[in-house]
Amino acid sequence: MADDTFYMKQALAEAEKASARGEVPVGAVVVCQGRIIARAHNLTETLNDVTAHAEMQAITAAANALGAKYLNDCTLYVTVEPCVMCAGAIAWAQLGKLVFGAGDEKRGYMRYAPAALHPKTEVVSGVLKDECAGLMTAFFRKRR
């Protein structure tokens, strides 16, 4: 759990960058063999692109870093439960492990498509969930 906590803190730092840009504060990192190979945060407002979620950005960066489309030996750390679109991308990339912080009861993949991930992908939820959820709550409180 210590490793998961360390890497989730890195994802939280990315989420803070998103928040500073006026983006929904979701951050992600991809780890391969104990090394962060990709860092990303939401860019949907910046790029005017509904697909520019943190997970999508991180998967693309990781694939480019490895020169491969499959990320079997990698772990994706993301501050909020992925949506169905991102779960599909995680499945296609065949990520070995997904670790997320806060659940997303409204838009998370587990509500709409709980079997969306690749069957071999290990899932760990709730890592630093209070910190992850708190960042989202604070962001949306400011916007209202």
Drop me the distance from [X]'s [atom1] to [Y]'s [atom2], to the nearest 0.5 angstrom.
X	Y	atom1	atom2	result
Y112	R107	OH	CZ	7.0 Å
K9	T79	NZ	OG1	15.0 Å
S19	L135	OG	CG	5.5 Å
M110	D104	CE	CG	9.5 Å
I90	M85	CD1	CE	10.0 Å
E23	H41	CD	NE2	6.5 Å

Test item: [X] and [Y] side chains (from C-beta on) under 4.5 Å apart, heavy atoms:
X	Y	answer
L71	L66	yes
V50	T44	no
M8	C132	yes
I36	V30	no
R111	E105	no
V124	V127	yes

With no hydrogens and no angle check, is any side-chain donor or acceptor of [X] less than 3.5 Å from a backbone partner on [Y]?
X	Y	result
E81	F100	no
N42	H53	no
E55	C86	no
Y77	G101	no
E14	V29	no

Residue pair [X] / [Y]: nearest heavy atoms and the distance that separates them:
X	Y	answer
P82	A87	CB-N, 4.2 Å
A18	P25	CB-CA, 4.0 Å
A89	M56	CB-SD, 3.4 Å
A58	A28	CB-CB, 4.0 Å
A102	A133	CB-N, 3.8 Å

Legend entry - side-chain contact (heavy atoms from CB on, under 4.5 Å) evaluation trace for E45 with R21: CA-CA 9 Å; E45 300 298 326; R21 295 178 79 142; over 6 Å; no

Inset, instruction - Determine, stepwise, if the pair L98 / E122 fulfils side-chain contact (heavy atoms from CB on, under 4.5 Å). - result: CA-CA 6 Å; L98 165 65; E122 177 188 348; over 6 Å; no

If two hydrophobic side chains count as joined below 4.5 Å and joins carry through other members, does [X] share a cluster with [Y]?
X	Y	answer
F6	I37	no
I59	Y70	no
L47	V24	no
L117	L76	yes
V78	V123	yes

Inset, instruction - Have a look at Y7 and tell me which of L12, V99, V31 forms a side-chain contact (heavy atoms from CB on, under 4.5 Å) with it. - result: V31

Inset, instruction - Please report the C-alpha distance between L95 and N72 in whole Å, then the side-chain angles of each, then the deciding distance to 0.1 Å, and finally whether the side-chain contact (heavy atoms from CB on, under 4.5 Å) criterion is met. - result: CA-CA 5 Å; L95 272 145; N72 316 74; over 6 Å; no

Inset, instruction - Please determine, by modelled atom types, if T121 and Q94 share a side-chain donor-acceptor pair under 3.5 angstrom. - result: no

Legend entry - Distance-only polar pair, side chains of T51 and D49, donor-acceptor under 3.5 Å: yes

Legend entry - Salt-bridge present (K97, D4; N to O < 4.0 Å): yes

